[in-house]
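All ligand and atom numbering here is 1-based and tracks the order in the structure.
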Amino acid sequence: MAFPFTPPQQISLAIYGGPAIRYPVNNIYCVARNYADHAIEMGHDPEREAPFFFMKPANALSGPGDNFIYPDFSEDVHHEVEMVVGLQSGGRNLSEEEALACIYGYGVGLDMTARDRQAELKKAGRPWELAKGFSGAAVCSAISPLELCDSNPDATDISLSINGELRQQGNTAQMIWKTAELISTLSRYFPLEAGDLIYTGTPAGVGPVKPGDHLVCTLEGIAAIELDVV
Ligand code: MN
């Protein structure tokens, strides 16, 4: 195939147990307010409002070994630690059973959020991209293929520590929409594809980061990532 210019390089993540191969990243989907305790801390009633989706551009991805570069347009960037699902196949209008067959593996990441900008956008009724899709805003660990996951991804502890202090702790069993339901629901709106990442929402305890912080994210038995804020 010929192109009028060189296409951008494929964005990818490391794979646990596979040093010679990498996980090719396609689209990045995210779900908001998928843990009741986080919806409540943000001032919403999870009994009345269902979770919902948004996206990040794939080139917002930041992988193992990358620092988080604090953006100059925000003074209140928050961490949101989340389980990340990586697909190996996709489709449209998938049943929950078909959705599960699309999963390649799992990682742990951060939906970094410029909370001050997001508050302005929410107030104005505008999309969230400027607050959620900036460069480096999609932090993700190496992807653990299903066969290397030592815990059940639907019921494992997820946590974030900053400078050795525990800030967020939850369990993926607390997710309002479970992984299969997330994939199935997304596939009604988007043609899901191999390489798509899905950020599954954050438990309570979100808060600000600052330059100099050292962040450690853990999805027990499955994946971990650490990074510095610079
Ligand atoms: Mn989030």
* F53 and its ring-ring contact (aromatic ring centres under 6.0 Å, His included) partner, picked from Y189, W177, F190 -> W177

* For the residue pair W128 and F52, categorise the inter-ring angle as parallel (less than 30°), tilted (30 to 60°) or perpendicular (more than 60°). => perpendicular

* Asked: Will you find, in the side chains of R33 and H44, an N or O donor that is under 3.5 Å from an N or O acceptor?
  -> yes

* Do N93 and S187 have a side chain donor and acceptor closer than 3.5 Å? -> no

* Asked: Hey, is the main chain of M55 close enough, under 3.5 Å, to the side chain of K132 for a donor-acceptor pair?
  -> no

* Asked: What protein N, O or S atoms come within a distance below 2.8 Å of the Mn ion (ligand 1), ordered by chain and number?
  -> E80 OE1, E82 OE2, D111 OD2

* Asked: Which pairs count as side-chain hydrogen bond (donor to acceptor under 3.5 Å, both in side chains) when at least one residue sits in residues 191-203, sequence neighbours excluded?
  -> N26-E193, N26-D196, Q168-T202

